[in-house]
2 protein chains.
Amino acid sequence: MERKQQFRDYLLTQGLKSTRQREIILDAFLQSGGHLSTEELYLQIRQQHPGIGYATVHRTLKLLAGSGLAESRHFGDRQTRYEQCSGEDHHDHLICTACGAILEFEDGDIERLQQRVARQHGFHILSHRLELYGRCAKCGPE
Amino acid sequence: MERKQQFRDYLLTQGLKSTRQREIILDAFLQSGGHLSTEELYLQIRQQHPGIGYATVHRTLKLLAGSGLAESRHFGDRQTRYEQCSGEDHHDHLICTACGAILEFEDGDIERLQQRVARQHGFHILSHRLELYGRCAKCGPE
DNA sequence: CTCCAATTGAAAATGATTGTCAATTTAAGC
DNA sequence: GCTTAAATTGACAATCATTTTCAATTGGAG
Ligand SMILES: [Mn+2]
Ligand SMILES: [Mn+2]
Ligand SMILES: [Zn+2]
Ligand SMILES: [Zn+2]
């Protein structure tokens with residue numbers, strides 16, 4: 001519920017308006033977990049709200065990313081995916097190339113070593129992306 | 001020179017043919033270091049060999065990746081980039097979001113921790129990708 | 001050399017994303 | 001509530017990298 005308010009506040013600060021469509025898309029996004037493509041969310045919303053267009057879903061997902069409610073992800077394929085992000089926390093991904101499963105993990109030790117690498121190169125990290133591709137426990141080591 | 005033979009051997013094992021175009025594209029790829037998009041390599045080759053088509057460059061880069069001479073990379077933007085890869089070694093990237101500079105690094109400690117994460121999840125890693133985005137020394141910390 | 005499969009280059013197809021624009025909706029100001 | 005300017009919407013077209021198609025050409029095994 002405060003998520004929804006966070007989005008409305010963001011729209012206000014940007015001089016944008018709350019609309020019926022944006023509320024519907026936000027609701028659908030918050031309900032469905034996981035790593036959704038625009039297409040996937042659009043198809044799901046269309047079942048209950050056939051009037052809402054693809055472009056509006058696309059534009060709203062970008063707004064959600066701007067508001068900090070969603071984060072965009074780019075895995076192997078070409079399409080952008082979005083997932084909910086809860087403020088400060090960060091996580092990376094294990095991706096099974098056999099069944100497509102996506103596991104999430106956090107590892108403070110790795111993040112610290114990333115900072116060390118950055119320091120060694122005089123680099124200031126703003127974000128990062130770590131993806132481990134392979135086979136999940138269910139699919140076995142090939 | 002043995003690189004070129006490695007590619008010819010790969011083509012043979014796949015029942016494919018060595019062609020004038022593939023040799024030219026291979027030469028151009030080996031000469032120019034860095035992280036090249038298909039477009040960039042195509043434009044460069046076109047200067048000396050206007051007859052070679054974009055599709056052929058594209059197809060040959062995929063062959064080079066298959067042969068192990070090239071590795072495909074996907075950074076923030078939408079296009080695929082290729083870089084030479086020398087057999088076993090592996091590296092990851094620091095990418096400056098201000099000037100576009102790409103620095104390379106290797107860190108055995110991080111790789112070991114990645115294995116630890118995988119073990120914790122019963123996962124078998126086949127490949128990985130680590131990209132640190134931020135500002136390089138030249139561009140300053142914003 | 002012959003001949004068939006592989007290759008090439010131009011052009012079209014694809015697929016995700018982004019832009020356009022007339023009609024509609026929002027919300028601020030009265 | 002009513003008016004009104006600005007933002008939004010949805011259908012559709014445009015864009016961009018990538019991939020496919022296909023007729024003409026070429027490689028190389030026999
Ligand atoms: Mn995730
Ligand atoms: Mn590199
Ligand atoms: Zn799996
Ligand atoms: Zn820089």
Side-chain angles (χ1 to χ4, degrees), chain A residues 4-5 7-28 35-67 70-82, chain B residues 4-5 7-29 35-67 70 72-82:
Chain A
K4 300 180 69 169
Q5 196 52 50
F7 187 52
R8 291 194 200 101
D9 291 345
Y10 172 76
L11 292 177
L12 268 182
T13 66
Q14 303 294 307
L16 306 178
K17 295 175 175 172
S18 282
T19 66
R20 193 177 58 82
Q21 290 91 334
R22 285 176 180 166
E23 292 284 332
I24 289 169
I25 294 166
L26 171 57
D27 285 343
H35 306 79
L36 289 166
S37 66
T38 306
E39 176 84 10
E40 287 166 356
L41 187 57
Y42 166 68
L43 290 177
Q44 186 182 315
I45 289 173
R46 198 174 59 169
Q47 296 176 26
Q48 296 299 319
H49 306 276
I52 294 184
Y54 186 97
T56 301
V57 175
H58 171 261
R59 289 184 287 231
T60 302
L61 281 171
K62 291 184 81 166
L63 288 176
L64 287 171
S67 76
E71 193 161 351
S72 73
R73 299 284 187 184
H74 300 261
F75 298 138
D77 47 1
R78 196 166 322 117
Q79 58 188 352
T80 303
R81 294 180 172 280
Y82 293 87
Chain B
K4 300 179 68 168
Q5 196 53 51
F7 187 52
R8 291 195 199 98
D9 291 345
Y10 173 75
L11 292 176
L12 268 182
T13 66
Q14 303 293 308
L16 305 177
K17 295 175 177 174
S18 281
T19 66
R20 192 178 59 81
Q21 290 92 334
R22 285 175 180 166
E23 291 285 333
I24 289 169
I25 295 166
L26 171 57
D27 285 343
F29 175 72
H35 306 79
L36 289 166
S37 66
T38 306
E39 176 84 10
E40 286 166 356
L41 187 59
Y42 166 67
L43 289 178
Q44 187 182 315
I45 289 173
R46 199 174 57 169
Q47 296 177 27
Q48 296 300 318
H49 305 277
I52 293 185
Y54 185 96
T56 302
V57 175
H58 171 260
R59 288 184 285 231
T60 303
L61 280 171
K62 291 184 80 168
L63 288 176
L64 287 171
S67 77
S72 74
R73 299 285 188 183
H74 301 261
F75 299 138
D77 48 2
R78 199 167 318 120
Q79 57 189 354
T80 303
R81 294 179 173 280
Y82 292 87

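As the structure is a computational prediction, the values presented were derived from the model and not from experiment. Letters A, B, ... mirror the listed sequences (proteins, then strands); counts begin at 1.
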Give a yes or no answer on whether the side chain of B:Arg22 reaches the backbone of B:Arg8 with a donor-acceptor pair at less than 3.5 Å.
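Checked: no pair found.
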
Could you grab the distance from atom [atom1] of [X] to atom [atom2] of [Y], nearest 0.5 Å is fine?
X       : Y       : atom1 : atom2 : value
B:Tyr54 : B:Ile45 : OH    : CD1   : 11.5 Å
B:Phe7  : B:Leu16 : CZ    : CG    : 8.5 Å
A:Ser18 : A:Asp9  : OG    : CG    : 9.0 Å
B:Lys62 : B:Thr80 : NZ    : OG1   : 8.5 Å

Side chains of A:Gln21 and A:Ile24: does their closest heavy-atom pair fall under 4.5 Å?
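Not touching, per the 4.5 Å side-chain cut-off.
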
Does the side chain of A:Phe75 reach to within under 4.5 Å of the side chain of B:His74, using non-hydrogen atoms?
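With C-beta onward as the side chain, the pair stays apart.
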
Considering non-hydrogen atoms only, spot the tightest contact between A:Tyr42 and A:Gly53 and give its length.
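A:Tyr42 and A:Gly53 have their closest heavy atoms at CE1-C, 3.8 Å.
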
Considering all heavy atoms of both residues, which atom of B:Thr56 and which atom of B:Ile52 are nearest to each other, and what is their separation?
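That would be CB-CG2, 4.4 Å.
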
Can you check the [X] [atom1] to [N] [atom2] distance for me, whole Å?
X       : N      : atom1 : atom2 : value
A:Gln14 : D:dA7  : CD    : P     : 12 Å
B:Tyr42 : D:dT19 : OH    : C1'   : 16 Å
B:Phe75 : D:dA17 : CZ    : P     : 17 Å
B:Leu61 : D:dA17 : CG    : P     : 15 Å
B:Arg22 : D:dT26 : CZ    : C1'   : 11 Å
B:Leu41 : D:dA17 : CG    : C1'   : 15 Å
A:Ile25 : D:dG10 : CD1   : C1'   : 11 Å
B:Leu43 : D:dA17 : CG    : P     : 11 Å

Restricting to nitrogen or oxygen on both sides, can you table the protein-nucleotides 28-30 of chain D pairs closer than 3.5 Å?
unit_1 : atom_1 : unit_2  : atom_2 : d
D:dG28 : OP1    : B:Ser18 : N      : 3.1
D:dG28 : OP1    : B:Ser18 : O      : 3.4

Which protein N or O atoms sit under 3.5 Å from an N or O of nucleotides 20-24 of chain D?
unit_1 : atom_1 : unit_2  : atom_2 : d
D:dT21 : O4     : B:Arg59 : NH1    : 3.4

With [X], which residues qualify under salt bridge (charged side-chain N to carboxylate O under 4.0 Å, His left out), at least two apart?
X       : answer
B:Asp27 : B:Lys4
A:Glu40 : A:Arg81
B:Arg59 : none

Distance check: side-chain N/O of [X] vs OP1/OP2 of [N], anything under 4.0 Å?
X       : N      : answer
A:Gln21 : D:dT8  : no
B:Tyr54 : D:dT18 : yes
B:Arg20 : D:dG27 : no

Which nucleotide of DNA chain C is the first, and which the last, in the 5' to 3' direction, to come under 4.0 Å of a heavy atom belonging to chain A?
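Counting from the 5' end, contacts occupy C:dA16 to C:dA27.
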
Earlier contact from the 5' end, DNA chain D, for A:Gly15 and B:His74:
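In this pair, the answer is A:Gly15.
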
Assign A:Ser37 to base, sugar-phosphate, or nothing according to its heavy-atom contacts below 4.0 angstrom with the strands shown.
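The answer is nothing, as A:Ser37 stays clear of every strand by at least 4.0 Å.
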
